[in-house]
Amino acid sequence: MFGLFKKKKQEPGLPVLKDLENTPLAEGDFVEALRYDLGKCKLLVVDNSYVYESEATGEKVSWLKMIDASTENQKVKKII
């Protein structure tokens, strides 16, 4: 009976990121950032974590700062 409510083990690794339009994001994708005046950015993996690097300024921002509270997606739009 005590085995009924086991927690599922979360696999270590990178989370699956999606832009505001639910398009999946991957390392190397170019996006238009809607926060911090970053403009066009490239999605990179640094120290096993996602980072947005601005092409204009070279500033790097963690993916955690780009989460949209209402949808839990990233506050970016993928450039296709």
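Positions are given from 1, in the same order as the sequence printed here. All values below come from the heavy atoms of this structure, side chains included, with hydrogens, waters and symmetry mates left out.
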(request) May I ask whether L25 and L14 are part of the same hydrophobic cluster, defined by side-chain heavy atoms of I, L, V, M, F, W, Y residues being less than 4.5 angstrom apart, directly or through others? (result) yes
(message) I'd like to check the side-chain hydrogen bond (donor to acceptor under 3.5 Å, both in side chains) partners of N48; sequence neighbours left out, ordered by chain and number.
(response) none
(request) Output every pair passing salt bridge (charged side-chain N to carboxylate O under 4.0 Å, His left out) with a member in residues 68-79, not counting sequence neighbours, ordered by first then second residue. (result) D29-K78, D68-K75
(request) Mind checking side chain to side chain contact (heavy atoms under 4.5 Å, CB included) for P15 and listing every partner two or more places apart, or none if nothing turns up? (result) L17, Y50, W63
(request) Only counting residues at least two apart or in another chain, list the ones meeting side chain to side chain contact (heavy atoms under 4.5 Å, CB included) with S62. (result) L64
(request) Nearest 0.5 Å please: distance from the CG atom of N73 over to the OG1 atom of T23. (result) 9.5 Å
Identify each donor-acceptor pair in which a side-chain atom of residues 30-43 lies under 3.5 Å from a protein atom, sequence neighbours left out, and give them as a table.
from, atom 1, to, atom 2, distance (Å)
R35, NH1, K65, O, 2.8
R35, NH1, I67, O, 3.3
R35, NH2, I67, O, 3.4

(message) Show every salt bridge (charged side-chain N to carboxylate O under 4.0 Å, His left out) that has at least one partner inside residues 16-26, sequence neighbours left out.
(response) none
